[in-house]
Novice: 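The structure is given below, and queries will be raised subsequently.
Note that the coordinates shown come from a computational prediction; the quantities given were computed from them, not determined experimentally.
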Amino acid sequence: MGLFTGMNITSSALTAQRLRMDVISSNMANAETTRGKYVDGEWQPYQRKSIELQTKDNGFSNFLNTAMNKTNNSSVGNGVRVAAIKEDVNMVYDPGNQAANEAGYIEEPDYKLVYDSAHADADPDTGYVKMPNVDPLRETVDLISATRSYEANITVFNASKGMMMKALEIGK
């Protein structure tokens, strides 16, 4: 473990949490967007997005070092990275559908239906408008969580920096 390992781990978390806040901001900005993307000649509402985090490994070098030293460093983390930015979808059980997975579920977009016959994107027959599946309350809670995590990682980074500064004062 190097001198800057802790700072590298913390910086990876800061980067991930900042991206998480960006995705939440995008969700909040598009909470009323009924024309998110154009699919098969029809506008689809914006789909809520979320990020998927996973532990960061050093790939082949991590496995090689572990094999050569015959030590298991899996208890020491290497940080975090964003594995994917996903759209929220609704899983519907339909085993007869050809697109179903092994468990019999298919992915369907998750929209809220709101009655507003005067809206430009309202269905002419029913008067319902497909709205994004963004819940502002949920986004606010996620934003608070991401902010607290970001602040905690800044505290860790500053503590590491303070320890290094104190170590430099030893030589004076």
Side-chain angles (χ1 to χ4, degrees), residues 1-39 43-63 65-66 72-92 101 105 107-116 119-121 128-169:
M1 187 170 272
L3 185 63
F4 296 104
T5 303
M7 289 182 153
N8 289 335
I9 291 170
T10 303
S11 66
S12 71
L14 289 171
T15 303
Q17 295 302 325
R18 187 174 46 102
L19 179 63
R20 185 175 165 205
M21 286 190 267
D22 291 344
V23 169
I24 292 168
S25 299
S26 175
N27 288 340
M28 289 291 279
N30 289 297
E32 301 288 329
T33 302
T34 56
R35 296 182 180 190
K37 61 183 170 184
Y38 198 68
V39 179
W43 283 103
Q44 298 292 320
Y46 175 82
Q47 284 286 302
R48 180 183 184 272
K49 293 178 178 57
S50 61
I51 65 168
E52 185 176 297
L53 300 176
Q54 72 179 42
T55 58
K56 183 177 172 183
D57 59 6
N58 293 332
F60 179 73
S61 64
N62 188 30
F63 291 114
N65 288 334
T66 302
N72 187 3
N73 290 335
S74 63
S75 63
V76 178
N78 292 320
V80 66
R81 71 179 189 94
V82 176
I85 298 175
K86 306 183 312 183
E87 287 185 346
D88 281 358
V89 292
N90 191 19
M91 300 299 286
V92 176
N101 62 13
Y105 286 93
E107 293 181 358
E108 284 190 354
D110 189 17
Y111 303 121
K112 293 187 295 187
L113 289 177
V114 175
Y115 182 77
D116 184 6
H119 195 280
D121 294 325
Y128 282 97
V129 180
K130 291 180 185 176
M131 298 297 286
N133 59 348
V134 176
D135 181 14
L137 181 62
R138 180 179 179 185
E139 300 302 324
T140 303
V141 170
D142 284 350
L143 183 62
I144 291 170
S145 172
T147 304
R148 297 291 180 247
S149 181
Y150 192 87
E151 290 171 353
N153 281 295
I154 289 222
T155 302
V156 170
F157 189 86
N158 285 334
S160 296
K161 186 174 76 175
M163 287 191 304
M164 287 183 188
M165 294 303 289
K166 289 293 181 187
L168 288 175
E169 290 176 4

Novice: Is the backbone of A146 close enough, under 3.5 Å, to the side chain of S149 for a donor and an acceptor to pair up by distance?
Specialist: no

Novice: Cut-off 3.5 Å, side chains only: do S26 and Y46 have a donor facing an acceptor?
Specialist: yes

Novice: If I compare all heavy atoms of S12 with all of I9, which pair ends up nearest, and what's the gap?
Specialist: OG-O, 2.7 Å

Novice: Indicate yes or no for a side-chain donor-acceptor contact from N133 to the backbone of R48 under 3.5 Å, with no hydrogens or angles considered.
Specialist: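 Yes; judged by distance alone, with no hydrogens or angles, the pair exists.
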
Novice: Are side-chain heavy atoms of L14 and I154 found at a separation under 4.5 Å?
Specialist: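 With C-beta onward as the side chain, the pair touches.
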
Novice: Please check if the number of heavy atoms outside E151 that lie under 6.0 Å from its CD is greater than 12.
Specialist: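 Result for CD/E151: enclosed.
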
Novice: Does some side-chain heavy atom of Q54 sit less than 4.5 Å from a side-chain heavy atom of V82?
Specialist: no

Novice: Would you call D88 and D110 a side-chain contact if the rule is heavy atoms closer than 4.5 Å?
Specialist: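 With C-beta onward as the side chain, the pair stays apart.
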
Novice: If you look at every heavy atom in I51 and A16, which pair is closest and at what distance?
Specialist: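 The pair with the smallest heavy-atom distance is CD1-O, 3.8 Å.
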
Novice: Give the C-alpha distance, both sets of side-chain angles, the deciding distance and a yes or no for side chain to side chain donor-acceptor pair (under 3.5 Å) between S145 and R20.
Specialist: CA-CA 10 Å; S145 172; R20 185 175 165 205; 3.2 Å; yes

Novice: Using a strict cut-off of less than 4.0 Å between a Lys/Arg side-chain nitrogen and an Asp/Glu carboxylate oxygen, indicate whether E52 and K86 qualify as a salt bridge.
Specialist: yes

Novice: If every non-hydrogen atom of L143 is compared with every non-hydrogen atom of I24, which pair is closest and at what distance?
Specialist: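 Closest pair (atom of L143, atom of I24, distance): N-CD1, 3.6 Å.
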
Novice: When rounded to the nearest 0.5 angstrom, what is the spacing between CD in E139 and CG in N30?
Specialist: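 Going from CD on E139 over to CG on N30, the span is 10.5 Å.
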
Novice: With heavy-atom distances below 4.5 Å as the criterion, would you say the side chains of D121 and K130 are in contact?
Specialist: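 A side-chain contact is absent here, since even the closest heavy-atom pair is not under 4.5 Å.
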
Novice: Please give me the minimum heavy-atom distance between N27 and V134, naming the atom from each residue.
Specialist: O-CG1, 3.4 Å

Novice: Between E32 and M131, what is the shortest heavy-atom contact and its length?
Specialist: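 Of all heavy-atom pairs spanning E32 and M131, the closest is OE1-CE, 3.1 Å.
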
Novice: Please report the C-alpha distance between Y111 and Q44 in whole Å, then the side-chain angles of each, then the deciding distance to 0.1 Å, and finally whether the side chain to side chain donor-acceptor pair (under 3.5 Å) criterion is met.
Specialist: CA-CA 9 Å; Y111 303 121; Q44 298 292 320; 2.7 Å; yes

Novice: Any chance you could measure Y150, atom OH, to Q17, atom CD, to the nearest 0.5 Å?
Specialist: 10.0 Å

Novice: Roughly how far, to the nearest 0.5 Å, is CE of M28 from CG of D135?
Specialist: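 Reported value, rounded in 0.5 Å steps: 9.0 Å.
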
Novice: For a quick test of reading the model, state the closest non-hydrogen atom pair linking T10 to N153 and the distance between them.
Specialist: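 T10 and N153 have their closest heavy atoms at CG2-O, 2.9 Å.
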
